[in-house]
Protein chains: 2
Amino acid sequence: MFSKTCEYGLRAVIFIAQQAKTNKKVSISAISEAIDSPQAFTAKVLQQLTKHKIVQSIKGPFGGFFIEEKNLKTISLSHIVQVLDGDGIYTGCGLGLQQCNDKEPCPLHFKFINIRENLKKMLENTTLLELSSDKNIANYYLKN
Amino acid sequence: MFSKTCEYGLRAVIFIAQQAKTNKKVSISAISEAIDSPQAFTAKVLQQLTKHKIVQSIKGPFGGFFIEEKNLKTISLSHIVQVLDGDGIYTGCGLGLQQCNDKEPCPLHFKFINIRENLKKMLENTTLLELSSDKNIANYYLKN
DNA sequence: ACAATAAAAGACAATAATATCTTTTATTGT
DNA sequence: ACAATAAAAGATATTATTGTCTTTTATTGT
Ligand code: FES
Ligand code: FES
């Protein structure tokens, strides 16, 4: 469904968001351990997310990655996926036709766009605020 | 969503199915032209599908690929996806956790499994019989 | 038997995704 | 100023995916 880049990115951002209340910054080593991902690769992913202002970072001692608490409700998973995987998942044809539209639809088009739209809406409606609630932190896992 | 292998495979099988009524066999060159895919690569994909009995093939003059008309209603798109992409799309975690289950769910689990299940059901309910109807052939495209 | 046709099979090539390693830059405290 | 810390940036390596090319095998008609 998503690329490894995107999977690590989503998990990393969720983890960072979950520390936002305590205003704690988290290091790349803490993140990659928490989400069980390759450290150097995850660092690259976070570089992209920092450039796109999804997370913020500070260098040096006591530095690390963080998200301001006030931003949690405006950052949705769809935004993160868009940055890391592009919008192919939101607009692309299920059978790989170069363009997907109602005018020259593939045989799967009208069934596929429903699924695609449901996925899109689900990601749009899921914000970091929701995912960083105490209830969420207690009940869900970022690695296994 | 799907690999290129799977996209070409789905389009190829749909095209072959659409010729099943006339009992016509289709060559790999006819297929790759009809669905606008790289010929040699598509041939490899069809090799896999032939091994898995989704399509049949005959070598030599007047040979080619075909599907028996009586099989159209039992072959679903989910079967083809399963063969070419495996069942990761049906059982895998949206955030890439090694295993997806209700006991140790990722933060997206209960939202994601709905989408995943809808996709699975859609593919299961879509048979080659439906996709090879005259109405379907008239209204939908396999390339653009 | 022979030539022509077409898929199967195997080998190879190019590209993209994933992953790691090294060097640089910014920040902090001494 | 200096050493320590941690992310940014750049370079490189590995693997998987996508794509092509050549040889072999099966089938058909002459
Ligand atoms: S054209 Fe294929 S999904 Fe829209
Ligand atoms: S555990 Fe992530 S989708 Fe089920």
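Predicted model, so just to flag it, every value in this text is computed and none were measured. Every chain is numbered from 1, with letters handed out A, B, ... down the list of sequences. Just so you know, these numbers use all the heavy atoms, side chains as well, and skip hydrogens, waters and symmetry mates.
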Quiz item: Do the side chain of B:Gln47 and the base of C:dA9 come within less than 3.5 angstrom through a donor-acceptor pair of N or O atoms?
Solution: yes

Quiz item: Do A:Lys44 and D:dA9 share a donor-acceptor pair, side chain to base, under 3.5 Å?
Solution: yes

Out of [options], whichever nucleotide has its closest atom nearest the side chain of [X]:
X       : options               : result
A:Lys51 : D:dG19, D:dA9, C:dT18 : D:dA9
B:Phe41 : D:dG19, C:dA19, C:dA6 : D:dG19
B:Ala40 : C:dT28, D:dT20, C:dA7 : D:dT20
B:Pro61 : D:dA4, D:dT28, C:dA6  : D:dT28

Practice problem: Check whether any side-chain N or O of B:Arg11 sits under 3.5 Å from a backbone N or O of A:Cys106 as a donor-acceptor pair, and report yes or no. | Solution: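 No.
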
Quiz item: Is a side-chain N or O of A:Asn144 found less than 3.5 angstrom from the main chain of B:Gln99, in a donor-acceptor match?
Solution: yes

Name the nucleic acid region contacted by [X], choosing base, sugar-phosphate or nothing; use a 4.0 angstrom heavy-atom cut-off, strictly under.
X       : value
B:Val26 : sugar-phosphate
B:Ser29 : nothing
B:Leu46 : nothing

From [atom1] of [X] over to [atom2] of [N], roughly how many Å is that when rounded to an integer?
X       : N      : atom1 : atom2 : answer
B:Lys4  : C:dA17 : NZ    : C1'   : 15 Å
A:Gln56 : D:dA8  : CD    : C1'   : 16 Å
B:Glu7  : D:dT18 : CD    : P     : 8 Å
A:Lys59 : C:dT23 : NZ    : P     : 17 Å
A:Ile16 : D:dA7  : CD1   : P     : 10 Å
B:Ile28 : C:dA9  : CD1   : C1'   : 14 Å
B:Phe65 : D:dA26 : CZ    : P     : 16 Å
A:Gln39 : D:dA6  : CD    : P     : 11 Å

Short side-chain N/O contact from [X] to OP1 or OP2 of [N], under 4.0 Å:
X       : N      : answer
A:Tyr8  : C:dA19 : yes
B:Ser57 : C:dA8  : yes
A:Thr5  : C:dT18 : yes

Quiz prompt | Residue closer to the 5' end of DNA chain C, A:Ser3 versus B:Ile58 (nearest nucleotide) | solution = B:Ile58

Counterpart base for [N], defined by Watson-Crick or G-U wobble contacts under 3.5 Å:
N      : answer
D:dT14 : C:dA17
D:dC21 : C:dG10
D:dG29 : C:dC2

Exercise. Check whether more than 12 heavy atoms from other residues, nucleotides or ligands sit under 6.0 Å from atom CD of B:Glu68, and answer yes or no.
Key: yes

Self-check item: Side-chain donor-acceptor contact under 3.5 Å, A:Ser132 with A:Lys21
Solution: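 No.
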
Quiz item: Are B:Glu124 and B:Lys121 close enough for a salt bridge, meaning some N to O gap below 4.0 Å?
Solution: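 Here B:Glu124 does not pair with B:Lys121 in a salt bridge, since their nearest N and O are not under 4.0 Å apart.
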
Self-check item: Lys/Arg-Asp/Glu bridge criterion (N-O < 4.0 Å) met for B:Lys135, B:Glu130
Solution: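 No, this pair does not count.
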
